[in-house]
There are 2 protein chains.
Amino acid sequence: MAGDNGRDGEGWATMGEVAARAGVSPMTVSRVLKEPGRVRPTTRTRVEAAIAELGYVPDAAAGALASRQSRLVAALVSTLAGSIFASTIAGLGAVLREAGHELLLGTTEYSSSSEEALLRAVLGRRPGGLVLSAGQHTPAARRLLERATRGLGVPVVEIWQLPERPVDMAVGFSNFAAGRAMTAFLADLGYRRIAFVGVLGPDDFRGLRRHAGYREALAERGLGEPRAFGSGGSGGSVEDGARGLAAVLERWPDCDAVFCGSDPLAFGAIAEAARRGLAVPGELAVAGFGDFDYAGEAGLALTTVRIPGERIGRETARLLLERKAGRLEGPVVVDLGFELVRRRTA
Amino acid sequence: MAGDNGRDGEGWATMGEVAARAGVSPMTVSRVLKEPGRVRPTTRTRVEAAIAELGYVPDAAAGALASRQSRLVAALVSTLAGSIFASTIAGLGAVLREAGHELLLGTTEYSSSSEEALLRAVLGRRPGGLVLSAGQHTPAARRLLERATRGLGVPVVEIWQLPERPVDMAVGFSNFAAGRAMTAFLADLGYRRIAFVGVLGPDDFRGLRRHAGYREALAERGLGEPRAFGSGGSGGSVEDGARGLAAVLERWPDCDAVFCGSDPLAFGAIAEAARRGLAVPGELAVAGFGDFDYAGEAGLALTTVRIPGERIGRETARLLLERKAGRLEGPVVVDLGFELVRRRTA
DNA sequence: CGACATTATGGTAGCGCTAACATCGCTAGC
DNA sequence: GCTAGCGATGTTAGCGCTACCATAATGTCG
């Protein structure tokens, strides 16, 4: 079977074999691959033929070793589930690929203890850039990161939030501002007894910031004490939303609006409201966060906060590329903002 | 700043530097890393101290080149959006990481023309395994794959469906059987005029198989002509579901059930039904596919088909590892099945 | 038409690591 | 006390590629 396509030997063809077949030196083959313009067309054609005949695919590890360029960018996100980061990763990958880089992906699944191990594994690949979603890093991880970016010049981008003290660069939006804006928006709409349902575990930094924004808006407008319910763990599910609304209503039965820290939570809240015969938004307004697919007019018609997920990915890639090209100095923080989307639940 | 942690030199510490500091040869350092049991404890401690002091992180590319083992597994999925593959990738990554491998991720975004480019890029990394979600490959891509698995012994796993002619191995379930089972289930429930709304573009192989299963079930039970509406492109959104139901109802106003090719479509259909004042399931039953988060009791309470997404990932990793260990011969196809979940929409 | 600037190609030397074998020091056995 | 045998460590030789410099082939002009 071997030899059907390509060659008979063991393993992959090497550049030397291609060179021999084309009657040139390995160096010329290398140039055909990387700077075709610098090789005479006739030679180039010959080399390209040899490449095709042998089914040659250059060994990236050898190339990386020799050139000290891995053409690899590592992205470490907390999770892929819930479609939160998916579009960001897609955008990141698309831009990167166009520039000839590949994406090495790691998920920490919200356990920051495994973050360090993952980081070490990934750094061993000598990535040309690092993308991180986590808000807080273990001290050891932070040290590794500092060293990578400060000492070794590896660009690092933290995404989906704007850290006070970025390791290097950051692309995202202010969860605090978004939380405050939506709460203020609800207040402007006339709602007075606004509750908050979110994930308030210590690991979910972003949820915490949204909640802080909510409280801030309440205080600014003198809307009384916060009415917040935080589902614990790694929540943020539809069930958590239903439970959250139930808990809130039990404690503060007179609420006229609930701001949920994520669209799934809002979904759960709406379903729970329906179960209780509460008209939305007539008797209870509901707002979400994220503008998931199903939040649109055809689905929930949810009033929510839209986050430019894919743009975060693309912008991150752009920054990485710019910095590698030396066209970017110093710390960079890009605020891509957010957008309040009013639909029919508030 | 350099030297804060680790060393002052340019770039990363090398194994040779660690060796010098510990007063041993590089080979001993290598052994401490890979087979600590074969190094005397006192020596090992010394080496480990040197590693820590220098913040040494071994260069995986060099290791790969020398050992001809990349410890990299590449996964090529059509998309990350819609949370379809997310849990599979998470499961895959988790198991792989435990075994000391990393995940190289590529998304084709349903364009099979870019699949070949992606495949080439990824093969350059000499992955120890390949995971693919696409059903059909371009001839060139297929040739590359055949060569990789047949000629070079790279394990390949196709996931989320069971191809008739697998490249190497496959882990998934039968979309045909699932489509048929849900349709038959609806029939058993007493529904007689069952429509289908799905993505029927030529690129979505899985949707096509589900649709085929639907037709088969209809034929088996003599339920008359199929009533199918396929949204074209890369659809599968909530909007497509709403539009799909509208189209179906216009053409066949007497439908008593709709089977949707995915949960988002089902969501759209339910929303559209509500808009038209149709009681679900009283006047119109709706079934979905996928058992997304929001399909649960707390949300849509959707009758749907549950797919073991994460298990597919884990099983895939297991197969890859097994085959690499030489404990697995010949083609392997693992059918992980599916589960009909009856909730309150049918 | 020969000196010179170009352009095209080749040779050499490693990148950082590990497989395979060589060597050393030690304990065990008689 | 000598050697077989073992465990611990070192030496050598690349893995496949690219930077860098050298050389050869081509073109340019007085």
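- Arg150(A) and Asp168(A) are not joined by a salt bridge, as no carboxylate oxygen comes within less than 4.0 angstrom of a charged side-chain nitrogen.
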Shorter than 3.5 Å, N or O on both sides, protein versus nucleotides 22-27 of chain D: list them out with atom names.
none

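- Remark: P of dC15(D) and CZ of Arg71(B) are 22 Å apart, rounded to the nearest angstrom.
- Between its two ends, the helix from dC1(C)-dG30(D) to dC30(C)-dG1(D) turns its axis by 40°, counting five pairs per end and rounding to 10 degrees.
- A side-chain donor-acceptor contact under 3.5 Å links Glu158(B) to the backbone of Val167(B).
- Listed for the Thr88(A) side chain is no donor-acceptor partner under 3.5 Å among the backbone atoms of Gly313(A).
- Listed by chain and residue number, Glu35(B) satisfy the side chain to side chain contact (heavy atoms under 4.5 Å, CB included) test with Arg38(B) (two or more places apart in sequence, or in another chain).
- Here the shortest heavy-atom pairing between Phe205(A) and Glu164(A) reads CZ-OE2, 4.0 Å.
- Per the geometry, CZ belonging to Arg31(A) stands 13 Å off P belonging to dC20(D), to the nearest Å.
- Proximity of a side-chain donor or acceptor of Thr45(B) to a complementary backbone N or O of Pro41(B) within less than 3.5 Å is detected.
- Among residue pairs with one or both ends in residues 59-72 of chain B, those qualifying as salt bridge (charged side-chain N to carboxylate O under 4.0 Å, His left out) are Arg126(A)-Asp59(B); sequence neighbours excluded.
- Here the side chain of Thr43(B) pairs no donor or acceptor atom with the backbone of Val39(B) at under 3.5 angstrom.
- In this structure, the side chains of Ile51(A) and Val57(A) stay at 4.5 Å or more apart for every pair of heavy atoms.
- Atoms CG (Leu33(B)) and C1' (dT9(D)) sit 16 Å apart, rounded to a whole Å.
- Separating the CZ atom of Arg38(B) from the C1' atom of dT9(D) is a distance of 11 Å, rounded to the nearest angstrom.
- Distance CD (Glu35(A)) to C1' (dT7(C)): 13 Å, rounded to an integer number of Å.
- Within the structure, every side-chain polar atom (N or O) of Thr14(B) is placed at least 4.0 Å from both OP1 and OP2 of dC15(C).
- Listed by chain and residue number, Arg125(A) satisfy the side chain to side chain contact (heavy atoms under 4.5 Å, CB included) test with Ala60(B) (two or more places apart in sequence, or in another chain).
- Remark: P of dC15(C) and CZ of Arg125(A) are 21 Å apart, rounded to the nearest angstrom.
- Partners of Ala50(A) by side chain to side chain contact (heavy atoms under 4.5 Å, CB included), not counting sequence neighbours, listed by chain and number: Val18(A), Arg21(A), Ala22(A).
- Computed from coordinates, the Asp59(B) CG to dC15(C) C1' distance equals 8 Å when rounded to whole Å.
- Remark: side-chain polar atoms of Thr149(A) are not paired, donor with acceptor, to backbone N or O of Leu145(A) under 3.5 angstrom.
- Of the residues in residues 19-30 of chain B, those placing a heavy atom less than 4.0 Å from an atom of DNA chain C are Met27(B), Ser30(B), in numerical order.
- Between Glu17(A) atom CD and dC17(D) atom C1' the separation is 13 Å, expressed in whole Å.
- Contact of Arg126(B) with dG16(D) (side chain to base): no donor-acceptor pair of N or O atoms is detected under 3.5 Å.
- In this structure Arg46(A) satisfies the salt bridge (Lys or Arg N to Asp or Glu O under 4.0 Å) test with no other residue, sequence neighbours excluded.
- Checked against side chain to side chain contact (heavy atoms under 4.5 Å, CB included), Ser25(A) has the following partners two or more places apart in sequence or in another chain: Met27(A), Thr28(A).
- Taking for each of Pro58(A) and Val39(B) the nucleotide of DNA chain D with the nearest heavy atom, the 5'-most of the two is the partner of Val39(B).
- With sequence neighbours left out, the salt bridge (Lys or Arg N to Asp or Glu O under 4.0 Å) criterion links Arg318(B) to Glu315(B).
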Given side chain to side chain contact (heavy atoms under 4.5 Å, CB included), test Val131(A) with Leu76(A) step by step and report yes or no.
CA-CA 6 Å; Val131(A) 178; Leu76(A) 268 36; over 6 Å; no

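- Side-chain nitrogen and oxygen atoms of Thr43(B) include at least one within less than 4.0 Å of the OP1 or OP2 phosphate oxygen of dT9(D).
- Within a heavy-atom distance below 4.0 Å of DNA chain D, the residues of residues 60-69 of chain B found are Leu65(B), Ala66(B), Arg68(B).
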Could you go over nucleotides 23-27 of chain C and give all protein N or O partners under 3.5 Å, atom names and distances?
none

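- Listed pair Tyr56(B) / dG16(C) fails the phosphate criterion, with no side-chain N or O lying under 4.0 Å from OP1 or OP2.
- Side chain of Ser30(B) to main chain of Pro26(B): no donor-acceptor pair is present (N/O by atom type, distance under 3.5 Å, no hydrogens or angles).
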